[in-house]
Structures are given as C-alpha cells and as structure tokens.
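The shown structure was predicted, so the numbers you read here are calculated from the model rather than taken from an experiment. Proteins come first, then strands; the chains are lettered A, B, ... in the order of their sequence lines, and each starts at number 1.
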There are 2 protein chains.
Amino acid sequence: MQAETLDRTFHALADPARRTMVGRLTLGPASVSELAAPLAMSLSAVVQHLAVLEEAGLVRSEKIGRVRTCRIEGARLRAAEDWLVRRRVEWERRLDRLGAFLDAEDGRQKKRRKR
Amino acid sequence: MQAETLDRTFHALADPARRTMVGRLTLGPASVSELAAPLAMSLSAVVQHLAVLEEAGLVRSEKIGRVRTCRIEGARLRAAEDWLVRRRVEWERRLDRLGAFLDAEDGRQKKRRKR
DNA sequence: CCTTCAGTTAAGTGACTACTTAAGTATTGG
DNA sequence: CCAATACTTAAGTAGTCACTTAACTGAAGG
C-alpha cells in the first residue's frame with residue numbers, strides 16, 4: 001500500500017496494450033511473441049511494455065532457451081483492487097449516513113405536519 | 001468498459017496527489033483549497049490535477065460564488081474496480097483448475113505406487 | 001469602495017512516454 | 001553448420017506530464 005507501488009501499478013494499467021497483456025496472462029503463462037500477437041506494434045515495443053509490467057511487479061518472467069515465459073503476479077493487482085475497494089466502501093458509508101440523515105429529517109417533517 | 005475510459009481512469013489514479021484528492025472526496029465534498037491543503041504544491045498545480053480527475057469522470061464539481069465544490073463520481077471508480085476483479089477471478093479460476101489437475105495427478109501417482 | 005479571498009489562465013521547462021528502426025545475440029531445427 | 005527463430009539493445013523522436021511563476025477575474029467582507 002505504498003504510494004510509489006500504487007503509482008507504478010496504476011501507471012502500468014493505464015495503457016491498453018499492457019492491459020491486453022495482463023488479460024492474456026490471467027489465462028495462463030505466455031511467451032513474449034504470444035503476448036505480442038494481438039498487438040499492432042513492433043516486438044520491440046512489446047518488450048518495452050513488458051518491462052513496465054515487470055518493474056511494477058505485475059508480471060514475472062523467466063527465459064528458458066530462447067523463449068521468455070511470462071506469468072502474472074497477483075499481489076500488486078490485488079493491492080490496486082484493495083485501494084479501490086477501500087475508497088468505495090468509505091464513499092458508500094458516507095452515502096448511507098447521508099441517506100439515514102435525510103430519512104430522519106423527512107420523518108421529523110412529517111411529525112411536524114401532523115401537529 | 002471502453003479502453004479509453006479505463007486509460008484515463010488508471011492514468012488519473014497513477015498520481016499520489018490525485019489519489020489523495022480522491023481519498024479526501026470519499027469522505028465528502030470539498031472545495032479546491034481544501035483539496036490543496038495537504039498537498040505540497042501550488043494551487044495552480046492542484047487545479048490541473050483536478051482537471052485530470054474531471055476529464056476522467058472521477059470527479060464532478062460546481063462553482064457557487066467564488067468556491068468550487070468537488071465530489072466524487074462513483075461509476076468510473078467502480079468500472080476500474082470491476083476490471084481488476086474480472087482479471088483476478090479469471091486468474092484464480094485458472095489456479096483452481098491447475099490445483100485440481102495437480103491433485104488428480106498426485107492421486108494417480110499414489111494409485112500407481114500401490115500396485 | 002477596495003482589499004482579501006478563491007480560483008483561473010497562460011506560458012514555459014525539464015523529465016518521461018510510447019513508439020520507431022536498425023543492428024545485435026543466443027538457440028535450435030533441419 | 002547455418003538459417004530461421006526469439007528475443008535484446010541502442011538510439012532517436014514526437015508528444016505528453018507535472019509542475020512552476022505570473023498575471024488576471026470575479027465574489028465577499030469590512
């Protein structure tokens with residue numbers, strides 16, 4: 001939950017090519033060429049995107065022979081999700097309190113009208 | 001769930017100042033100065049961050065008199081959370097399948113050993 | 001009124017992004 | 001062996017980013 005880690009994670013996810021790569025890796029490990037296949041850019045560009053994902057800790061990879069196999073690393077993705085969930089919960093809690101307050105006000109008004 | 005919308009959302013969240021602003025707004029509406037208070041930068045810079053958040057649809061604001069009041073808009077935040085949840089679910093499903101497969105293999109090995 | 005307040009706008013700067021092409025380096029199938 | 005494969009590295013470029021300072025607008029408060 002460190003600021004810099006979230007910076008890198010959200011930055012990594014802010015690119016459609018990188019999200020496509022992450023999406024592919026949720027289905028299972030893949031080589032660099034497999035990750036590149038659906039993307040309309042040079043292999044070189046894909047490698048650079050991969051570097052961003054690895055530096056963010058979203059992906060880990062190992063090279064065997066001439067093939068580099070990549071897989072997702074769940075922790076950072078989970079941390080980003082957690083951050084979003086926490087904000088949403090806080091925000092919903094606030095809406096609930098507001099709703100309860102308005103209901104109470106409404107009740108008071110009706111009471112007043114009854115007199 | 002359009003790509004460009006997620007681009008903007010994740011990009012907006014990739015900055016610590018903007019995340020601080022969003023965090024503040026989950027607690028309730030705030031003026032620009034209130035958002036700026038905890039940030040070590042000029043008001044002008046804060047206004048520029050606010051513009052990024054508004055263009056991403058994460059925040060909406062209205063000016064009354066000389067005060068601009070900002071509040072969060074939940075939808076886009078929710079969409080980002082959804083994207084992360086979907087990837088995680090996919091990834092966990094894959095791990096489960098893998099686990100089941102390994103368990104089955106393990107069972108087969110034990111059977112073989114029994115003979 | 002007129003000054004302070006709350007924000008707005010413009011212009012500039014240095015760093016970073018997302019690519020490209022081009023020229024590598026190991027592997028490996030035939 | 002040697003050509004194809006699977007990346008890897010380097011260098012360059014146009015565009016974007018996160019600020020800054022400075023000058024400005026329009027609403028209040030005294």
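Under the 4.5 Å side-chain criterion, counting only non-hydrogen atoms from C-beta, Leu13(A) is not in contact with Leu13(B).
Ser31(B) comes within 4.0 angstrom of the backbone, heavy atoms only, and of no base.
Between the side chains of Ser61(A) and Arg68(A), at least one donor N or O sits under 3.5 Å from an acceptor N or O.
One atom, CG of Leu39(A), and another, C1' of dC7(D), lie 16 Å apart when rounded to the nearest Å. In this structure, the CG atom of Asp15(A) is 12 Å from the P atom of dT17(C), given to the nearest Å. To the nearest angstrom, P of dT16(D) lies 22 Å from CZ of Phe10(B). Rounded to whole Å, atom P of dT8(D) lies 16 Å from atom NE2 of His49(A). The CG atom of Leu43(A) sits 18 Å away from the P atom of dT25(C) (whole-angstrom rounding). In this structure, CG of Leu35(A) is placed 12 Å from P of dT8(D), rounded to the nearest angstrom. Spacing between atom CD of Glu55(A) and atom P of dC16(C) amounts to 13 Å, rounded to whole angstrom units. Between the P atom of dC17(D) and the CZ atom of Arg8(A) lies a distance of 19 Å, rounded to the nearest Å.
Of the residues listed (Arg93(B), Arg86(B), Arg88(B)), the one engaging Glu90(B) in a salt bridge (Lys or Arg N to Asp or Glu O under 4.0 Å) is Arg93(B), and it is the only one.
Nearest approach of Ala14(A) to Arg19(A), heavy atoms of both residues: C-NH1, 3.8 Å. In terms of heavy atoms, Asp7(A) sits closest to Asp15(B) at OD1-C, 4.2 Å.
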Checklist outcome for this item: Once base and sugar-phosphate atoms are separated, protein heavy atoms under 4.0 Å mark nucleotides 25-30 of chain D, 5' to 3', with B, S and - as -BBS--
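Remark on DNA chain C: of its neighbouring residues Met41(A) and Lys63(B), the 5'-side contact belongs to Lys63(B), judged by nearest-heavy-atom nucleotide.
The listed nucleotides are dT20(D), dT8(C), dT8(D); the one nearest the side chain of Ala45(B) is dT20(D).
Looking at Gln48(A), its side chain comes within 3.5 Å of the base of dT20(C) through a donor and an acceptor atom. Side-chain atoms of Ser44(A) and base atoms of dT21(C) include a donor and an acceptor less than 3.5 Å apart. Donor-acceptor pairing under 3.5 Å, judged by distance alone, is absent between the side chain of Ser33(A) and the base of dT5(D).
Electrostatic pairing of Arg8(A) and Glu4(A) counts as a salt bridge here, judged by a charged N lying under 4.0 Å from a carboxylate O.
Using bins of under 30°, 30° to 60° and over 60° for the plane-to-plane angle, the ring pair Phe10(B)/Phe10(A) lands in the parallel bin.
Side-chain nitrogen and oxygen atoms of His11(A) include none within less than 4.0 Å of the OP1 or OP2 phosphate oxygen of dC16(C).
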